[in-house]
Structures are given as structure tokens and as C-alpha cells.
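Here's the structure, in C-alpha cells; my notes come after.
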Amino acid sequence: MNFLLWGVLPYVVVAVLVGGTVWRYRYDKFGWTTRSSQLYESRLLRIGSPLFHFGILMVLFGHIGGLVVPKSWTEALGISEGLYHFNALFFGTLAGIATLGGLALLIYRRRTTGPVFMATTKNDKAMYVVLVSAIILGLWTTLVAVGAGHDAHDYRETVSPWFRSLFTLRPDVDAMAAAPIQFHIHVLVAFLLFSMWPFTRLVHAFTAPLHYLFRPYIVYRSRDAAHGAGARAPRRGWEPVGTRDNAGRRRNR
């Protein structure tokens, strides 16, 4: 069972994620969208959406730092184990609460705003359940670590080596099997979320409009600049055509 869960299932999830994304892009380009509902309600959206997106970015960077960066690298940089875990717990808790709070506002908005709720599909509802479960389970592992204090399980000795071993196609099944149950459940729910990803509105994350950060500025010509030398002054609405000259002076016919 451990071999199937931690040695085979990760590659199945990656195959579904990549294959499903390619299929969605080729055969459902018009459905590759968030189905934005800003026109129906914007007050809660202005609060919940940035809170959720910035929180989920912090969660992403925290997972990359905790799973990809080996323990020996942080020790070589002079970061003590206590300082590392304090930052991980503090910022991890902050990111999780921000993400969960933003998502709660978005779900409340979707449920209480009639047109938005009518546009919510069963697919969306299932995705929200799995996404909320993954976030809550992540907070659960953090709170368990806080409660255990110095006796907290060090995931960088079990989960992190297993995660990095997946890239070498030699998964360290025993390392992951040695992790506590809360990590197992959290990872399995994450597997389910990534398997659903290509078939939900979450797929829009793969086409975030990052090119907006690098596109050239749009130059607008002001009205005053357009009325410089040689420019024709605007005609008043009550004036007949040809009653003003280029300098803006009134001219008699």
C-alpha cells in the first residue's frame, strides 16, 4: 500500500494533471476561463479575491521552500533549526488564514449573490470542497506542530526527501511512510486537488496574464496637447460647422 500511495500515485497524478491540461487547452479553449462574475457583485470580490490570491501565493512559496530546499542548505546559510521552524510556522499560519479567509468570503459571495450562485456548477462546488479541505488540513499540520513544541515532527526529514526523490524517479517510499498521519491525509487531498485541476476553473492559473507586467506603456494624448499650434479647436455643440478658425477665434460667415 505504501508503494502504491507514495511510489505510484504521484506519477499518476502528474500524468492526469499534464494530460488533462493539454486536452483542456486543445478541446475547450472557450471554457478556459474563471467565468468572472465581477459585474454581479464587486464589494466582497475586491476583498476576498486579493486576500485569497496573495495567501495562496504565500502558501506556494512556503511549500517550495520547505519541500525543495534541503535542510543542509539552510544550515549552511546559518539559519538555525529553531529560526527556520518559527518562520515556517508563523508565515505558514498567516498564509493559511489569509487563504482560508479570502476563500470563505468568495464562497459566501457566491452563495448569497443570486446571479453568481446560478452560474455555479457542480464541478465548482466539488472543487471548493476539496480546496477548502486541503487548506484546513495544511493548517491542521501547522497547529499540531505548534502544539507539540520541540517534539514536533520535522517534515524536512521525511516528506521533503520523499518529494525531492520523485524528480529522480526513485521515490523514497519509506521516508514518506514514516511521516505522521496528518501529513499523509494532507498529501492525498492535494493529489485529489491536482487531479481535478485541469477540469475546473483553477486551470486559468496556468495562463495568468504575466505579460501585462512587461508590455509597453500606452501613450495617451491629452486634449491640451492636441490643441496646440495648427490643431483645430473643438466645435461647440450649438455652433454650426465652420464658425471657428484654427486659432479658436469666432469667425463670421
*Looking at Y128, is R110 sitting on its ring face, NZ or CZ under 6.0 Å from the six-membered ring centre and within 45 degrees of the normal?*
no

*Nearest heavy-atom pair of A179 and V159: which atoms, and what distance?*
CB-CG2, 3.9 Å

*Could you tell me how the ring of W6 sits relative to the ring of F191: parallel (under 30°), tilted (30 to 60°) or perpendicular (over 60°)?*
tilted

*Enter the distance from R111:CZ to K125:NZ here, rounded to the nearest 0.5 Å.*
7.5 Å

*Could you grab the distance from atom OG1 of T113 to atom CZ of R43, nearest 0.5 Å is fine?*
9.0 Å

*Pick out which of L137, I136, L131 makes a side-chain contact (heavy atoms from CB on, under 4.5 Å) with V189.*
L137

*What heavy-atom pair brings Q182 and V144 nearest, and what distance separates the two atoms?*
NE2-CG1, 3.4 Å

*For the residue pair L202 and L193, establish whether any side-chain heavy-atom pair is separated by less than 4.5 Å.*
yes

*Going by the angle between their ring planes, with limits at 30° and 60°, are W23 and Y27 parallel, tilted or perpendicular?*
tilted

*What is the minimum heavy-atom distance between L67 and F163, and which atoms define it?*
CB-CD2, 3.7 Å

*asked:* side-chain contact (heavy atoms from CB on, under 4.5 Å) for I107 and V132? Distances and angles first, verdict last.
replied: CA-CA 10 Å; I107 294 176; V132 170; 3.9 Å; yes

*Going through the distances and angles, do W162 and V173 end up as a side-chain contact (heavy atoms from CB on, under 4.5 Å)?*
CA-CA 7 Å; W162 163 78; V173 175; 5.6 Å; no

_On a heavy-atom basis, which atom in T21 and which in P198 lie closest, and how many Å separate them?_
N-CB, 3.5 Å

*At their closest point, which heavy atom of G55 faces which heavy atom of T99, and how far apart are they?*
C-OG1, 2.9 Å

*asked:* So which atom in Y11 and which in P171 form the shortest heavy-atom distance, rounded to 0.1 Å?
replied: OH-CD, 3.7 Å

*Side chains of M176 and T158: closer than 4.5 Å at any heavy-atom pair?*
no

_Can you tell me how far apart CG (N87) and NE2 (H85) are? Round to the nearest 0.5 Å._
11.0 Å

*Run the side-chain contact (heavy atoms from CB on, under 4.5 Å) check on Y84 and V69 step by step: do they pass?*
CA-CA 12 Å; Y84 175 87; V69 179; over 6 Å; no

*Look up atom CG in L51 and atom CZ in R46, then write down how far apart they are to the nearest 0.5 Å.*
14.5 Å

*Within one Ile-Leu-Val-Met-Phe-Trp-Tyr cluster: L94 and W140, side-chain cutoff 4.5 Å*: no

*What's the spacing between I185 CD1 and S133 OG if we round to 0.5 Å?*
11.0 Å

_Assigning hydrophobic clusters by single linkage (Ile, Leu, Val, Met, Phe, Trp, Tyr; side-chain heavy-atom cutoff under 4.5 Å), is V187 placed with F167?_
yes

*Are L100 and V129 linked, directly or through other ILVMFWY residues, by side chains that come within less than 4.5 angstrom of each other?*
no

_Hphob cluster co-occupancy, V8 + L188, side-chain heavy atoms under 4.5 angstrom_ = yes

*asked:* Checking the side chain of N123 only, and the main-chain atoms of F199 only, is there a donor and an acceptor separated by less than 3.5 Å?
replied: yes

*Taking C-beta and beyond as the side chain, do K71 and D154 meet within less than 4.5 Å on heavy atoms?*
yes

*Are L106 and I135 linked, directly or through other ILVMFWY residues, by side chains that come within less than 4.5 angstrom of each other?*
yes

*Chi angles and distances behind the side-chain contact (heavy atoms from CB on, under 4.5 Å) call for Y155, T141*: CA-CA 10 Å; Y155 63 88; T141 59; over 6 Å; no

